[in-house]
Novice: 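Quick one: the structure is below, and I'll ask about it shortly.
The first residue in the sequence is number 1, and the count goes up from there. Only this structure's heavy atoms are used, side chains among them; waters, hydrogens and symmetry mates stay out.
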Amino acid sequence: MIKKIFFGLVNILILVLFIATPNLVNAKHIVGGDVTYECKGINGNKVKFEITFTMYRDSKGNGAAFDAAARFGIFKGHGNNWTYVGVKEQAPLDINAVNIDTGNPCLVVPSGIGVEKGVYRFEVELEVSETESYMIAYQRCCRNNTIFNIVDPDVTGAVFSVTISPIAQSVCDDSPIWNGFPPVVICANTVLNFDHSATDSNGDQIVYSFCNPIAAGGIDGVNFGNAESCTGITPKPIDCGPPFDLVQFKLPDYRVDIPLGNGVAMNQSSGLISGIPTVVGQFVVGVCAQTFRNGVLIGSISRDFQFNVTPCEISVRADIASNKVINDPSNPELNSKFIINSCGDYSVDVINLSTDESKIFSYLWELEV
């Protein structure tokens with residue numbers, strides 16, 4: 001009599017080995033940023049806001065550090081009509097290494113990948129306007145020249161900005177706050193699920209979407225040019241105000257609504273970014289969160305960040321000594337089960353061959369006779 005014993009090995013983390021490429025390891029520039037605001041109160045016709053700029057940069061290689069005296073331009077207007085109000089010069093309050101959350105607890109990131117977060121925070125007091133918004137903007141060049149989905153990334157800078165609407169001024173509104181930063185590294189041809197939601201302290205409705213990252217600055221100033229020109233490394237706010245240019249995607253494969261190509265989308269209600277990225281490379285992505293109160297648009301925040309899509313492979317496997325491994329595409333429930341043939345024996349030894357044991361946290365064996 002032959003007994004067929006099926007063993008399933010579950011509850012083992014599958015370790016994914018990151019296959020680093022030189023382009024990803026040698027990234028040297030800005031990888032993302034966002035801006036939020038908190039109202040500190042209204043006094044007569046003046047309203048005070050605390051503005052927080054959070055910037056992310058590659059910490060490996062010889063790329064530029066965070067600006068020690070970053071300039072944040074303040075503008076007033078709407079649409080294509082803006083006037084310069086003033087500038088805030090601020091040093092970063094905190095610079096810390098980012099614990100890179102890949103979105104997969106089994107993804108190993110090599111030592112060549114690193115991200116730093118710099119936080120700039122300051123207060124502005126503004127005259128409440130019934131018709132005009134305020135924009136606070138920071139302009140800086142440049143992006144990684146290895147970015148795959150936009151035109152001329154190595155001479156395209158970034159604008160990180162926030163607009164405070166007349167309604168937000170009058171009701172002393174707080175912007176939403178992003179709940180987390182996207183994974184820096186994700187696996188190609190693997191399901192991506194990242195919760196890119198935000199929390200609004202006022203309970204306003206939030207609607208999410210992919211949106212167009214903004215461009216500013218360039219590489220003038222590198223070779224004895226003017227670094228403060230509008231096509232320079234650090235454009236001067238008084239001379240270089242909105243409206244700003246939009247980053248140009250490589251059409252038709254990449255657009256504002258499909259920055260990683262077809263197959264990756266955003267849920268406008270939950271903020272979930274999901275799908276299967278299929279192309280390896282670096283991708284600029286813009287995400288917007290609009291807030292509505294009683295059906296009226298009251299404000300919006302945005303984030304500009306970089307996804308690194310890379311090939312991955314499984315290096316931890318659930319395995320035992322067996323006569324056969326079931327791998328039946330037509331019956332997925334049988335996959336990863338093992339058959340051990342036992343002739344006349346009343347005891348069966350199960351020899352564990354799973355690797356890498358140092359990465360396996362626990363075992364659960366299921367027996368089918």
Novice: Hey, are the side chains of P277 and L192 touching, using non-hydrogen atoms and a 4.5 Å cut-off?
Specialist: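 They are in side-chain contact.
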Novice: Would a 4.5 Å heavy-atom cut-off, applied to side chains only, mark D34 and I301 as touching?
Specialist: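 Not in contact.
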Novice: Examine V159 and F122 and state if one hydrophobic cluster contains both, with Ile, Leu, Val, Met, Phe, Trp and Tyr joined whenever side-chain heavy atoms are less than 4.5 Å apart.
Specialist: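 No, V159 and F122 fall in different hydrophobic clusters.
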Novice: Could you tell me which non-hydrogen atom of S165 sits nearest to which non-hydrogen atom of I298, and how far apart they are?
Specialist: OG-O, 2.6 Å
Novice: Would you check if the side chain of T36 reaches a backbone N or O of S175 as a donor-acceptor pair within less than 3.5 Å?
Specialist: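 Not at all, since once roles are kept as given, no pair shorter than 3.5 Å links the two residues.
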Novice: If you take all heavy atoms of A289 and W178, which pair is closest and at what distance?
Specialist: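 The answer is CB-CH2, 3.6 Å.
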Novice: Does any donor atom in the side chain of N144 or Q306 lie under 3.5 Å from an acceptor atom in the other side chain?
Specialist: yes
Novice: Minimum heavy-atom separation for G180 and R303, please, with both atom names.
Specialist: O-NH1, 2.7 Å
Novice: Kindly give the heavy-atom pair with the smallest separation between K40 and C172, and that separation in Å.
Specialist: N-SG, 4.4 Å
Novice: Output the distance between atom CD1 (I95) and atom CE (M55), rounded to the nearest 0.5 Å.
Specialist: 11.5 Å
Novice: Answer yes or no: is there a side-chain heavy-atom contact under 4.5 Å between D173 and R293?
Specialist: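 Yes, their side chains come closer than 4.5 Å.
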Novice: Taking side chain to side chain donor-acceptor pair (under 3.5 Å) as the definition, give me every residue that meets it alongside D195, ordered by chain and number, with sequence neighbours left out.
Specialist: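 For D195, the residues satisfying side chain to side chain donor-acceptor pair (under 3.5 Å) (neighbours in sequence not counted) are S197.
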Novice: Which class fits the ring pair Y254 and F283: parallel under 30°, tilted 30 to 60°, perpendicular over 60°?
Specialist: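 Ring orientation of Y254 relative to F283: tilted.
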Novice: Between the main-chain N or O of D204 and the side-chain N or O of N202, is there a donor-acceptor pair closer than 3.5 Å?
Specialist: no
Novice: Run F292 and I206 through side-chain contact (heavy atoms from CB on, under 4.5 Å) and show every step you take.
Specialist: CA-CA 6 Å; F292 292 83; I206 304 178; over 6 Å; no
Novice: Would F210 and I214 show up in the same hydrophobic cluster when neighbours are defined by side-chain heavy atoms closer than 4.5 Å?
Specialist: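 The answer is no; the residues belong to distinct hydrophobic clusters.
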Novice: Tell me whether N189 contacts the main-chain N or O of I276 through its side chain, where contact means a donor paired with an acceptor under 3.5 Å.
Specialist: no
Novice: Heavy-atom distance under 4.5 Å between the side chains of Q139 and C240, does that happen here?
Specialist: yes
Novice: For Y208 and N267: C-alpha separation, side-chain torsions, deciding distance, then whether side-chain contact (heavy atoms from CB on, under 4.5 Å) applies.
Specialist: CA-CA 7 Å; Y208 303 93; N267 186 297; over 6 Å; no
Novice: With ring pair (Phe, Tyr, Trp, His ring centres under 6.0 Å) as the test, pick out the partner of H196 among F181, F307, F305.
Specialist: F305
Novice: Just checking, is any N or O donor in the side chain of T199 or N179 under 3.5 Å from an acceptor N or O on the other one?
Specialist: yes
Novice: With the threshold set at 4.0 Å, does a side-chain nitrogen-carboxylate oxygen contact exist between R71 and E89?
Specialist: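 Salt bridge absent between R71 and E89.
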Novice: More than 12 heavy atoms of other residues, nucleotides or ligands under 6.0 Å from NZ of K76: is that the case?
Specialist: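 It does: K76 NZ has more than 12 such atoms within range.
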Novice: In this structure, are over 12 heavy atoms from other groups packed under 6.0 Å from N294 atom CG?
Specialist: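 No, not enclosed.
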Novice: Got a second to check how far E50's CD is from D174's CG, nearest 0.5 Å?
Specialist: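 Between atom CD of E50 and atom CG of D174 there are 10.0 Å.
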Novice: Find the distance between CD (Q268) and SG (C288) and round it off to the nearest 0.5 Å.
Specialist: 13.0 Å
Novice: Please name the residue in the list T310, L260, N308 that meets the side-chain contact (heavy atoms from CB on, under 4.5 Å) test with I186.
Specialist: L260
Novice: Do V296 and I167 touch side chain to side chain, with heavy atoms closer than 4.5 Å?
Specialist: yes
Novice: Of the non-hydrogen atoms in A137 and F75, which two are nearest, and what is the gap between them?
Specialist: CB-CE1, 4.3 Å
Novice: Thinking salt bridges, do E38 and R121 make one under a 4.0 Å N-O criterion?
Specialist: no
Novice: Any side-chain heavy atom of V87 within less than 4.5 Å of one from I238?
Specialist: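 They are not in contact (no side-chain heavy atoms under 4.5 Å apart), so the answer is no.
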Novice: I258 vs V264, test: side-chain contact (heavy atoms from CB on, under 4.5 Å). Steps then yes/no.
Specialist: CA-CA 7 Å; I258 50 169; V264 177; over 6 Å; no
Novice: Determine whether M266 and L272 make a side-chain contact, defined as any pair of heavy atoms from C-beta on separated by less than 4.5 Å.
Specialist: no
Novice: Side chains of D67 and Y138: any donor to acceptor distance under 3.5 Å?
Specialist: yes
Novice: Using the rule that Ile, Leu, Val, Met, Phe, Trp and Tyr join whenever any side-chain heavy atoms are under 4.5 Å apart, tell me whether V151 and V285 fall into a single cluster.
Specialist: no
Novice: When the aromatic ring centroids of Y37 and F49 are compared, is their separation below 6.0 Å?
Specialist: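 That pair passes the under 6.0 Å test.
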Novice: Do the non-hydrogen side-chain atoms of V247 and N212 ever get within less than 4.5 Å of each other?
Specialist: yes
Novice: Has the side chain of T156 got a donor or acceptor atom that lies under 3.5 Å from a matching backbone atom of D154?
Specialist: no
Novice: Treat each ILVMFWY residue as a node, draw an edge where side-chain heavy atoms are under 4.5 Å apart, and state whether L126 and V128 are in one component.
Specialist: yes
Novice: Regarding K117 and D94, does a basic nitrogen lie under 4.0 Å from an acidic carboxylate oxygen?
Specialist: no
Novice: Which is it for C39 and V47 under the side-chain contact (heavy atoms from CB on, under 4.5 Å) test, yes or no, and what are the steps along the way?
Specialist: CA-CA 8 Å; C39 186; V47 58; 3.7 Å; yes
Novice: Using the test side chain to side chain donor-acceptor pair (under 3.5 Å), find all partners of D304 that sit at least two apart in sequence or belong to another chain.
Specialist: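 With neighbours one apart ignored, the set is R143.
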Novice: Under the ring pair (Phe, Tyr, Trp, His ring centres under 6.0 Å) test against F72, which residue among Y120, Y134, F160 passes?
Specialist: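 Among the candidates, only Y120 passes.
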Novice: Are more than 12 heavy atoms from other residues, nucleotides or ligands located less than 6.0 Å from atom CG of N96?
Specialist: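 Yes, the 6.0 Å shell around CG holds more than 12 heavy atoms from other groups.
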Novice: Once you round to the nearest 0.5 Å, how far does CD of E132 lie from NE2 of H78?
Specialist: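 That separation rounds to 5.5 Å.
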Novice: Going only through I, L, V, M, F, W and Y residues with side-chain contacts under 4.5 Å, is there a path from I150 to Y56?
Specialist: yes
Novice: Of all the heavy-atom pairs spanning V309 and V279, show the shortest one and how long it is.
Specialist: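 Minimum heavy-atom separation between V309 and V279: CG1-O, 3.3 Å.
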Novice: How long is the straight-line distance from CD1 of I164 back to OG of S129, given to the nearest 0.5 Å?
Specialist: 12.0 Å
Novice: State the OG1-CD1 distance between T163 and I136, to the nearest 0.5 angstrom.
Specialist: 8.0 Å
